Amino acid sequence: MSELAKTYDPSTLEKKWYEEWLQRRYFHGEAAAPKAPFSIVIPPPNVTGSLHMGHALGRTIEDIFTRWKRMAAFNAMWLPGTDHAGIATQLVVERDLKATDKKSRHDLGREKFIERIWTWREKYGGRILEQLKLLGCSVDWDRTRFTMEPAYSKAVVECFVRLFEEGLIYRDTRLINWCVSCRTALSDLEVDHDEGAQGELYEFAYQMTDGSGEVVVATTRPETMLGDTAVAVHPDDPRHQAKIGKLLVHPFTARTFPVIADAILVDPKFGTGAVKVTPSHDPNDFDTGKRHKLEFISILDQTGVVNEAGGPFAGMDRFAARKAVKAKLKELGFERGSKPHVHAVGHCQRCAAVVEPLISTQWFVKMEPLAKPAIEAVEQGKTKFVPETWSKTYMHWMTNIRDWCISRQLWWGHRIPAWYCGNCQAVTVARTTPGACSKCASADLRQDEDVLDTWFSSWLWPFATLGWPEPARELKTFYPTTLLVTGYDILFFWVARMMMAGLHFMKKVPFRTVYLHTIVTDDKGEKMSKVKGNTIDPVDVIEKHGADSLRFALAWLTTMASQGKNIKFSLSNVEDARRFCNKIWNAARFVLMNLDGYDPNRFADRTAEGPDSASFDLPERWILSRVQRATETVNNALDEYRVSDAAQAVYHFIWDEVCDWYIELAKGRLADKESPDRWKVQGALVTALETAMRLLHPFMPFITEELWQQLPKTASASQSIMITLYPIPDLRFIDDASESSMALVQKVITTIRTLRTERKVPSSVRSRVILNVSDDYKKTILAGYQALVAEQGRCREVLVRRGGEAPPDPAVIGMAGDIEVVLLLEEVADTADENAKLEKERSKVLSDRDHLKKKLDNPQFAERAPAAVLEKDRARLGELEAALGRLDAALKRLK
RNA sequence: AGGCACGUAGCUCAGUGGAAGAGCACUACCUUGACACGGUAGGGGUCGGCGGUUCAAUCCCGCCCGUGCCUACCA
């Protein structure tokens, strides 16, 4: 038998096995395979990215399910890839360009700059994929995709053109979110609102042209008054009714504009009841402007600088203009005060600059028709959310969905396939560069300069990666995908939109189940960020402790995330997992050290018909039954996406049952090399460990492979644990009677140990113990296994008897349920101590007994409680009564 | 402002209409031939508060207090 290294060292073993698996092509899912498909598409990380804890968590969960299903004989396919990540990537490369060449992208020009991004991508774009290998991800590398590769780009264009032809994509001039720093339009989702920023509500007055007075208005953005074209009041507000229809004069531009009545915009209870209206720079005011056909005056340019419409303030940055406008209003005597005011300000998700609402011509997707089927699909259960609570959030967003601004004024991305005619101004949308205007046939065409929102390509990911729009075999086999695993932070950005695109283009949901995991934070619950310096780099963790430990730590922490709760991650979690690895390693060493003369084929033959044919002893019957329980628990937990429960079940099986009990029970019986039953113990050890390795493999692929390889196997065994069958419960080995017998034995042993500890009996001393039992059943079992009890309880003699003879003096007693465990001592025990201990135990038993008795005496209970509960409680009452009797007798003896 | 959650052992979190759980931390003892990255035993919780439903509530319902998250155009 091969010798296992004395200590567990993940570093070499992990590299070795990943290479091996790759070489044997175990990760590849064949579209033509006759097995039931199980497919996952990876949430494509940004090409610029490197692995962070969030990725590590998501990919670990995906790998657990992929490996589990692969072993469960599914045609498992997990597709990897990366996202071109428009703004993010452009910003990264721009920064790099600035740092290395001291140039801006404009210095380079569009073409050269895009070339540079591609070069950059060649160099660094594979980094995060390489890191997935370190994690042990069993992704199908043959199918790696990138959202900017030609085939994928073709899918994006196809999608745009079809939606345009269906009237679901349109171009319009409206108020959009504009980032003055990135100089692009943003969708509503790309604007972050910081909660409760302390701001100022500034009040000033507009004068009426007829000299009849003034109207006081309030604003958080005073500079927008440069674009005011009305003041609105509520039609029913008595304070303002007389002013409706009158004209106001703008203090800086001398423009005049009316006081209008608008019940939608104005809440008469707020402020002065008069609202300044800036149709070009506020969403509500925009609508108001449309309703009242007001003048639309844009006062800011694309860089956030006041334009010529701002009169004397032209050329000033928006924030400088704010100060200047206030100063001037004060100077003119129109300032009317200011109050602190809490309100949310929109920031660009990428660069954090304050976003401005601006009027601009952009491309939009009409969302309502797309959302409807996506809502129905979830209602009908075609796609399920895990945890289920997320479906509510999804529904809420979907039912209140607004049109999606998809054009971006960037260079890096899919260019919008629309051409404008220089002759007739008509728009031609086409799959390939058109030769002539679709309307006037002019050849004077100019393609739209803009690119598409990154998410406009990502929302096609589940099917564009499988060959769409071509009728690929892959689509047929792997679409709809089985499972999507991602963070809840991109539920709307990505998940909801994939639902819409998938249903629209494929007529089927893109995935059956969406597993939304939480955000990984540091151990204090703070979001990990480089700025704060509290990040934990998964690659560092892997180097130090191994991928198995990192994966297991994450799996252990992955409970059903309720909303607003995060995974508080700390290195100590990894250290705990590593201790577990070490424990497994050493358990395997023990097993391997004791396999001399063991023949796996013989064991297989002798147990082929189930456990009875081998006439196992209690410990073997017990552990083989517990193997089945663990198998059942793990499979059930995974079926229900309870990753943590599954991981903990394997952990407890290995540590508490295999190591703490079975190995201890095996030791003595392995010592006798001549024993004819030795092979049974060896076989049970190998079976328990081998099954445990397979159960654990999806969580810890490397160590399980390494140890599994070392175990003796029958001739027909697979080459790798990866391609063995995942354990399924074998009911023939489930043995309730042995489990309860063993539980009794364990309880008695534990009680003996407790007594020894309490009395400070040195471990070298072999005690004598008497077990007073109340029924023959227990007597038979304990008498049958008194050798076992003696060994584990360090006793030289264990006497089991039915009766209540007083134990010899000196002795101490303890209760194992209703069994009186009498530990005989070498010298007289401290009676006071013993008395106090027994009194304490008695009072506990007594209160339990009284409580239970009262409950059982209640006729209502007997009448309404289910029979099983009744029976259980009656049995328990019997045990409590018996225990009480023994305790009373013991106390009496002490007196 | 609305919506969604959460409050269980010192910490991080499971859990269930029918005797309160795990990991870590803590205490005592133990170098026993797999493992001190270990073992054995132990302490520790009126399951946020108040009411209600029920034979039975940590679990279901209502209110209150506290916390987190998401969505939102209140000037």
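On a predicted model such as this, the values are computed, not experimentally measured, just so you know. Letters A, B, ... are given to chains in the order of the sequence lines, protein chains preceding strands, and every chain is numbered from 1.
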Regarding [X], tell me which of base, sugar-phosphate or nothing describes its non-hydrogen contacts under 4.0 Å with the strands shown.
X: Cys659(A); value: base
X: Asp282(A); value: nothing
X: Lys667(A); value: base
X: Asn858(A); value: sugar-phosphate
X: Asn594(A); value: nothing
X: Asp523(A); value: nothing
X: Trp397(A); value: nothing
X: Phe286(A); value: nothing

Under 4.0 Å between a side-chain N/O of [X] and OP1 or OP2 of [N], yes or no?
X: Thr750(A); N: rA41(B); value: yes
X: Arg589(A); N: rG33(B); value: no
X: Lys583(A); N: rG39(B); value: yes
X: Arg579(A); N: rC24(B); value: yes
X: Arg578(A); N: rC37(B); value: no
X: His343(A); N: rA75(B); value: yes
X: His341(A); N: rA75(B); value: yes
X: Thr754(A); N: rG42(B); value: yes
X: Arg402(A); N: rC73(B); value: yes
X: Trp390(A); N: rG3(B); value: no

State the pairing partner of [N]; accept Watson-Crick or G-U wobble contacts with both distances under 3.5 Å, and report none otherwise.
N: rG66(B); result: rC6(B)
N: rU71(B); result: rA1(B)
N: rU12(B); result: rA22(B)
N: rU53(B); result: none
N: rU40(B); result: rA28(B)

Carboxylate-amine/guanidinium contact Arg759(A) Glu834(A), below 4.0 Å: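 Result for this pair is yes, salt bridge flagged.
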Give the intermediate values and the outcome of side-chain contact (heavy atoms from CB on, under 4.5 Å) for residues Val231(A) and Val277(A). CA-CA 5 Å; Val231(A) 165; Val277(A) 183; 5.8 Å; no
If you take the centroid of each ring, where Trp contributes its six-membered ring, are Tyr8(A) and Trp585(A) closer together than 6.0 Å? yes
Aromatic plane relationship, [Y] with [X] - under 30° parallel, 30 to 60° tilted, over 60° perpendicular:
X: His652(A); Y: Trp556(A); value: tilted
X: Phe492(A); Y: Trp397(A); value: parallel
X: Phe204(A); Y: Tyr206(A); value: perpendicular
X: Phe552(A); Y: Phe699(A); value: perpendicular

In whole Å, measure the gap between the [atom1] atoms of [N] and [M] for me.
N: rG17(B); M: rC70(B); atom1: C1'; answer: 32 Å
N: rC47(B); M: rC59(B); atom1: C1'; answer: 9 Å
N: rG66(B); M: rU8(B); atom1: C1'; answer: 16 Å
N: rC37(B); M: rU46(B); atom1: P; answer: 35 Å
N: rC6(B); M: rA36(B); atom1: P; answer: 43 Å
N: rA5(B); M: rG21(B); atom1: C1'; answer: 23 Å
N: rU12(B); M: rG51(B); atom1: C1'; answer: 32 Å
N: rC13(B); M: rC69(B); atom1: P; answer: 14 Å

Which residue is it: Arg322(A), His281(A), Lys326(A)? I am looking for the one with a side chain to side chain donor-acceptor pair (under 3.5 Å) to Glu223(A).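 The option that passes is Arg322(A).
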Kindly indicate whether the side chain of Lys392(A) and the base of rC4(B) share any N or O donor-acceptor pair separated by less than 3.5 Å?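 No pair found.
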Regarding rA28(B), can its base be found pairing with the side chain of Lys760(A) as donor and acceptor, where the two atoms are less than 3.5 Å apart? no
Could you give the [atom1]-to-[atom2] distance, from [X] to [N], as a whole number of Å?
X: Glu526(A); N: rU12(B); atom1: CD; atom2: C1'; result: 16 Å
X: Ile663(A); N: rG33(B); atom1: CD1; atom2: C1'; result: 13 Å
X: Glu758(A); N: rA41(B); atom1: CD; atom2: P; result: 12 Å
X: Asp645(A); N: rG23(B); atom1: CG; atom2: C1'; result: 13 Å
X: Leu571(A); N: rC37(B); atom1: CG; atom2: P; result: 18 Å
X: Tyr651(A); N: rG23(B); atom1: OH; atom2: C1'; result: 7 Å
X: Glu841(A); N: rG42(B); atom1: CD; atom2: P; result: 11 Å
X: Arg756(A); N: rC29(B); atom1: CZ; atom2: P; result: 16 Å

Residue [X], side-chain heavy atoms: nucleotide from [options] that is nearest:
X: Lys6(A); options: rA41(B), rA75(B), rC35(B); answer: rC35(B)
X: Ala587(A); options: rA34(B), rG23(B), rC35(B); answer: rA34(B)
X: Asp660(A); options: rA34(B), rG39(B), rA75(B); answer: rG39(B)
X: Trp556(A); options: rU12(B), rA75(B), rA22(B); answer: rA22(B)
X: Pro283(A); options: rC73(B), rA75(B), rC35(B); answer: rC73(B)
X: Gln648(A); options: rC35(B), rA22(B), rC24(B); answer: rA22(B)
X: Arg753(A); options: rU40(B), rU12(B), rA75(B); answer: rU40(B)
X: Thr389(A); options: rA14(B), rC4(B), rA41(B); answer: rC4(B)

Option among Leu265(A), Asp282(A), Val275(A) that satisfies the side-chain contact (heavy atoms from CB on, under 4.5 Å) test with Thr288(A): Leu265(A)
Holding to salt bridge (Lys or Arg N to Asp or Glu O under 4.0 Å), I want the full list of residues that pass it with Asp522(A), two or more places apart in sequence or in another chain.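 Not a single residue meets the salt bridge (Lys or Arg N to Asp or Glu O under 4.0 Å) criterion with Asp522(A).
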